[in-house]
K.L.:
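Got a structure for you, questions after.
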Amino acid sequence: MYRQQSLITLDEFYELKPLTQLEAILTFINFTFFLKIYPESFSRQGPKGYSKKQLLMVLIAMQVEHIPTIKALVHR
């Protein structure tokens, strides 16, 4: 049996793959100003254990992808 050699590695494939609209938007946003205003220990309410940056990215993704509810976001 012969093994076929791959032309590119998986890492090279992901480098060549074009960015989606959401990926392009999130790569250009600088979150440092947001994180200075709202440090990790800022609120006593809401979900615990989640990064403020990740939660903000999810809210942006909901707007860009037109996801109406949190339930639809979880399903997606």
Side-chain angles (χ1 to χ4, degrees):
M1 261 188 148
Y2 294 101
R3 289 198 87 164
Q4 182 177 357
Q5 297 243 341
S6 60
L7 298 174
I8 60 173
T9 64
L10 190 59
D11 294 331
E12 292 171 343
F13 172 75
Y14 282 119
E15 289 176 7
L16 296 173
K17 185 183 79 150
L19 294 176
T20 64
Q21 180 183 8
L22 179 61
E23 289 172 335
I25 290 171
L26 292 177
T27 55
F28 289 109
I29 295 176
N30 186 358
F31 293 100
T32 56
F33 181 72
F34 173 77
L35 294 174
K36 284 181 185 177
I37 293 175
Y38 300 105
E40 290 297 322
S41 62
F42 178 72
S43 90
R44 294 184 187 103
Q45 298 177 347
K48 305 291 188 260
Y50 294 101
S51 165
K52 301 274 188 208
K53 180 181 174 184
Q54 295 297 325
L55 292 173
L56 181 61
M57 290 172 72
V58 167
L59 292 175
I60 293 169
M62 285 180 69
Q63 294 299 312
V64 170
E65 298 291 330
H66 304 290
I67 301 172
T69 63
I70 300 293
K71 186 175 182 178
L73 176 70
V74 170
H75 179 64
R76 180 148 183 208

K.L.:
Looking at residues at least two apart in the chain, or sitting in another chain, which of them share a side-chain contact (heavy atoms from CB on, under 4.5 Å) with Ala61?
P.N.:
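Residues passing side-chain contact (heavy atoms from CB on, under 4.5 Å) with Ala61: Leu22.
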
K.L.:
If Ile, Leu, Val, Met, Phe, Trp and Tyr residues are connected whenever their side-chain heavy atoms lie under 4.5 Å apart, and connections chain through other members, are Phe28 and Val58 in the same group?
P.N.:
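As far as the 4.5 Å side-chain criterion goes, Val58 and Phe28 are not connected within one cluster.
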
K.L.:
For Ile25, which residues count as a side-chain contact (heavy atoms from CB on, under 4.5 Å) partner, sequence neighbours excluded?
P.N.:
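Ile25 satisfies side-chain contact (heavy atoms from CB on, under 4.5 Å) with Gln21, Ile29, Ile60, Val64 once adjacent residues are dropped.
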
K.L.:
Only counting residues at least two apart or in another chain, list the ones meeting salt bridge (charged side-chain N to carboxylate O under 4.0 Å, His left out) with Glu23.
P.N.:
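With sequence neighbours excluded, Glu23 shows a salt bridge (charged side-chain N to carboxylate O under 4.0 Å, His left out) to no residue whatsoever.
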
K.L.:
Do Leu26 and Phe33 sit in the same hydrophobic cluster, where Ile, Leu, Val, Met, Phe, Trp and Tyr count as joined when their side-chain heavy atoms come under 4.5 Å apart?
P.N.:
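Same cluster: Leu26 reaches Phe33 through Ile, Leu, Val, Met, Phe, Trp or Tyr contacts under 4.5 Å.
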
K.L.:
Quick one: are Lys52 and Phe31 in side-chain contact, heavy atoms under 4.5 Å?
P.N.:
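No, too far: nothing below the 4.5 Å cut-off.
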
K.L.:
Is there a path from Met62 to Met57 through hydrophobic residues (I, L, V, M, F, W, Y) whose side chains come within less than 4.5 Å of each other?
P.N.:
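No; Met57 is not reachable from Met62 via cluster members.
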
K.L.:
Mind checking what makes ring-ring contact (aromatic ring centres under 6.0 Å, His included) contact with Phe34, not counting sequence neighbours?
P.N.:
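Partners of Phe34 by the ring-ring contact (aromatic ring centres under 6.0 Å, His included) criterion, ordered by chain and then number, come out as Tyr38.
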
K.L.:
Less than 3.5 Å apart, which donor and acceptor atoms pair up between the side chains of residues 69-76 and the rest of the protein, not counting sequence neighbours?
P.N.:
{"from": "Thr69", "atom 1": "OG1", "to": "Ala72", "atom 2": "N", "distance (Å)": "3.1"}
{"from": "Arg76", "atom 1": "NH1", "to": "Glu65", "atom 2": "OE1", "distance (Å)": "3.4"}
{"from": "Arg76", "atom 1": "NH2", "to": "Glu65", "atom 2": "OE1", "distance (Å)": "3.3"}

K.L.:
Among all residues two or more places apart in sequence or in another chain, which pass the side chain to side chain donor-acceptor pair (under 3.5 Å) test with Asp11?
P.N.:
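Here no residue qualifies.
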
